[in-house]
Amino acid sequence: MAKTVVFPDSEPLKDPLSVGSRDKKQGGGKRPDYRAQALRLRPQRQALPIYSARSAIIKSITENATVVIVGETGSGKTTQIPQYLLESGITAGGKTAIAVTQPRRVAATSIAKRVAEEVGTPLGGRVGYTIRFEDCSSDATQLRFCTDGLLLREILADPLLRRYSVVVLDEAHERTLRTDILLGMLKDIQRERTRVAQLNRDAEQTSAESMEYAPDHRSRGTHVKFGEPEEDEKNEGDGTAAPVMDEVHGDVSGLDDLHIVVMSATLDAERFSEYFDKAPILYVAGRQFPVTTYYTSDPQSDYLDAAHLATLQIHTDTPSDSGDILVFLSGQEDIENVERLLLDSAANLPKGVPSLLPCPIFAALPQAQQSRVFDPAPEFTRKVILATNIAETSLTIPGIRHVIDSGVHKVRGFDPRVGESLLVEPISKSSARQRTGRAGREAAGFCYRLYTEADYAQLPEDSIPEIKRCQLSMVVLQLKASGVKDVMKFDFMDRPSRKALKHALLELYALDALDDAGELTPLGKWMSEFPLEPTYAKVIYASAAAGCTREAIDIVSLLSVDSLFYVPADKREESNAAQMAFRSADGDHLTYLNLLRAFNKVNGDSVWCQEHFVNRRNVRHVLDVRQQLNRLCARLGMDIERSCGTDLASVLRCFLAGFFHNCAMLQPDGTYRSLNGSQAVNIHPASSLFGKKTPAIFYDQLVFTNKLHARAVSAVDSAWIAQAAPKLYGRLQSNSST
DNA sequence: GAGCACTGC
């Protein structure tokens with residue numbers, strides 16, 4: 001079944017502009033000479049390892065419903081295969097398009113740019129990209145790069161993905177939550193498209209007057225009214241209306257089969273192949289420089305210490321022009337510790353040894369400091385990049401020849417009984433190989449694993465797919481909204497536990513997104529329109545009746561990033577003082593709101609942000625989310641300017657419509673206990689309510705690290721909790737008066 | 001007394 005592609009292929013590439021329709025905006029004289037540029041890049045394209053397999057790849061994809069392609073780093077699969085498809089004429093002269101999904105936004109945009117250059121068209125013409133907040137595509141776009149999350153949203157609007165004849169899933173081996181949902185849904189869509197296409201072909205043959213399609217299994221749009229949510233619980237919705245084919249599938253005449261291409265970097269291709277009914281697997285050789293791997297002879301009890309010593313050893317034993325050092329650590333704390341150790345040692349290096357410059361990089365680090373890893377090191381200096389997993393896949397740092405692998409990373413986990421966790425765990429073999437590969441991007445390199453070879457042998461082959469270790473309420477809502485009746489029977493490539501699925505169903509039921517029969521309610525359908533966790537969508541819904549939609553949208557947007565502030569380890573006091581300016585006695589939600597207002601007042605001034613330890617990039621992301629939610633809410637008929645003014649208690653109250661499960665009460669001994677599980681809950685030290693004895697609180701999330709921490713906490717009156725969830729907590733008395 | 005990485009019409 002599996003075959004290796006090594007066929008020579010002498011067929012020259014076609015003229016990029018002679019294939020398919022031409023771009024609309026031509027002429028005018030001033031436009032850059034795209035064609036000349038494409039011709040210039042052609043020799044590079046033809047020199048890629050994958051080029052020799054070009055015709056075999058096209059043949060396999062056009063002849064099979066699904067093809068799995070394994071290509072190592074540097075094979076060129078990501079940029080070339082989409083172009084081969086474009087050249088193959090699979091888009092029926094431009095009537096249909098090709099979608100290529102990426103797990104990350106930057107990848108989608110940068111690859112689209114590169115491919116547009118190679119094809120010889122302006123970006124947004126025949127080749128374009130679409131990511132959240134940014135659409136660089138047009139009606140002429142036949143090759144669209146997008147994030148996998150975006151294609152998922154597209155399925156909600158177009159359940160059969162009618163505009164596409166091919167969907168390419170890149171980086172499928174990463175098994176992100178969205179890749180896994182896409183895999184399942186695409187399999188479904190492919191089956192339905194084949195059926196419809198067959199009917200179309202039959203109809204063409206017999207020219208039958210009326211075609212009959214099987215009963216529709218997808219739900220139709222319904223609407224939700226605002227103003228009196230108490231009253232319209234029951235009599236809302238039109239779910240019983242007779243199905244109208246066009247509303248569901250749109251025009252299906254002429255609809256053809258959907259081709260799926262699964263691209264993966266590792267050798268777990270067999271599993272993808274099995275999942276897609278034994279789809280053929282093509283292997284494409286990559287181009288990587290050799291990396292020599294070393295293990296420690298004994299297990300290391302302290303990997304921070306080991307990382308520090310290994311760095312010094314490499315630095316003194318190899319010439320400084322032999323490349324920079326990249327150290328993989330688990331998180332900010334690790335990184336700051338190793339940085340401190342290195343700075344101490346760097347100050348005491350023997351004479352004649354070049355300087356050592358530690359460069360930390362992790363997601364929460366402000367942009368300005370992140371970009372330092374890309375700056376060339378000063379004269380006679382070697383850079384040591386101290387990184388989290390961010391350097392494993394998300395960004396590639398040039399100049400790296402030495403990799404030090406601690407063998408650990410932090411993993412977000414979820415268990416319906418224990419809740420969410422964030423713990424340091426050993427990495428997988430494929431992750432270790434990925435880290436190693438980072439030393440061989442530009443030349444032969446070295447990888448130093450801070451664990452023994454025997455330990456390596458014990459590591460799991462692959463990490464557990466995200467879908468098996470995260471909350472599923474949003475996944476389930478999305479599946480329900482795209483017409484999956486029984487999520488327990490959905491064909492997941494890796495099935496989440498029954499418990500986790502049930503937990504999600506119960507959560508959605510509690511939020512009134514599902515009814516007694518487990519069917520999507522009109523409110524549930526409404527909530528699924530939001531690119532948000534269902535709890536947040538519920539808060540926005542409740543804000544209409546509470547008269548605080550403005551504030552609800554603001555705060556929900558603020559909660560969509562995980563660090564509004566950046567606190568360097570050595571400036572905790574200073575930053576605490578600076579943050580007092582925004583602090584609300586009611587807790588973090590209103591503190592964040594104050595921050596947003598202050599940020600807007602100074603127009604996001606970067607000096608102001610620095611002085612207040614505000615993460616500017618993240619607040620700007622908040623503004624993007626806010627704008628998107630504003631538009632969506634306006635479209636759904638909400639009054640987005642409806643504000644509660646100074647009555648901010650009503651916003652907090654409104655949050656309980658989504659967060660009644662996330663409440664805790666102060667105990668006589670000064671600790672907190674959660675209302676739903678009676679677990680001991682600790683207010684996170686970064687919270688504005690830390691150390692305060694607030695009688696009743698609700699929190700945005702509960703995460704176990706070394707303790708169970710409530711992050712983003714606000715004070716509430718327990719009577720509000722009783723009113724938000726009378727069946728669960730109706731007995732609670734108010735704690736505000738007296 | 002302390003936060004891995006992503007994503008969303």
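Note that the coordinates shown come from a computational prediction; the quantities given were computed from them, not determined experimentally. In what follows, chains are A, B, ... by sequence order, proteins preceding strands, each numbered from 1.
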Return no unless some side-chain N or O of [X] is found under 4.0 Å from OP1 or OP2 of [N].
{"X": "A:Asn682", "N": "B:dG1", "result": "no"}
{"X": "A:Thr176", "N": "B:dT7", "result": "no"}
{"X": "A:Ser394", "N": "B:dC6", "result": "yes"}

Taking atom CD1 of A:Ile464 as the centre, does the number of heavy atoms from other residues, nucleotides or ligands within less than 6.0 Å exceed 12?
no
hbond_proxy [X] side chain to [N] base (donor-acceptor, 3.5 Å cutoff):
{"X": "A:Arg105", "N": "B:dC6", "answer": "no"}
{"X": "A:Arg132", "N": "B:dT7", "answer": "no"}
{"X": "A:Arg711", "N": "B:dG3", "answer": "yes"}

[X] [atom1] to [N] [atom2], straight-line distance once rounded to whole Å:
{"X": "A:Ile181", "N": "B:dC6", "atom1": "CD1", "atom2": "C1'", "answer": "13 Å"}
{"X": "A:Leu169", "N": "B:dT7", "atom1": "CG", "atom2": "P", "answer": "16 Å"}
{"X": "A:Phe613", "N": "B:dA2", "atom1": "CZ", "atom2": "C1'", "answer": "16 Å"}
{"X": "A:Ile683", "N": "B:dA2", "atom1": "CD1", "atom2": "P", "answer": "14 Å"}
{"X": "A:Gln102", "N": "B:dG8", "atom1": "CD", "atom2": "C1'", "answer": "16 Å"}
{"X": "A:Glu392", "N": "B:dC6", "atom1": "CD", "atom2": "P", "answer": "12 Å"}
{"X": "A:Phe362", "N": "B:dC6", "atom1": "CZ", "atom2": "C1'", "answer": "17 Å"}
{"X": "A:Asp334", "N": "B:dA5", "atom1": "CG", "atom2": "P", "answer": "12 Å"}

Among B:dG8, B:dA5, B:dG3, the one nearest A:Glu466 by side-chain distance:
B:dA5
Out of B:dG8, B:dA2, B:dG1, whichever nucleotide has its closest atom nearest the side chain of A:Leu150
B:dG8
Sugar-phosphate only, base, or nothing, as touched by [X] at under 4.0 Å among non-hydrogen atoms:
{"X": "A:Arg104", "answer": "sugar-phosphate"}
{"X": "A:Asp148", "answer": "nothing"}
{"X": "A:Gln701", "answer": "base"}
{"X": "A:Leu532", "answer": "base"}
{"X": "A:Phe530", "answer": "nothing"}
{"X": "A:Thr393", "answer": "nothing"}
{"X": "A:Ser563", "answer": "nothing"}
{"X": "A:Gln628", "answer": "sugar-phosphate"}

Heavy-atom side-chain proximity of A:Gln369 to A:Tyr566 below 4.5 angstrom
yes
Between A:Asp135 and A:Tyr129, does the side-chain hydrogen bond (donor to acceptor under 3.5 Å, both in side chains) criterion hold? Intermediate values first, please.
CA-CA 6 Å; A:Asp135 184 4; A:Tyr129 67 87; over 6 Å; no
A:Arg635 or A:Glu333: which one's nearest nucleotide on DNA chain B is closer to the 5' end?
A:Glu333
Pairwise 5' ranking along DNA chain B for A:Val106 and A:Leu422, keeping only the more 5' one:
A:Leu422
Under the rule for ring pair (Phe, Tyr, Trp, His ring centres under 6.0 Å), what residues qualify as partners of A:Phe704, not counting sequence neighbours?
none
Does the side chain of A:Asp180 pick up a donor-acceptor pair with the side chain of A:Thr176 at under 3.5 Å?
no
So the salt bridge (Lys or Arg N to Asp or Glu O under 4.0 Å) pairs with at least one residue in residues 389-398 of chain A (sequence neighbours excluded) are A:Glu392-A:Arg435
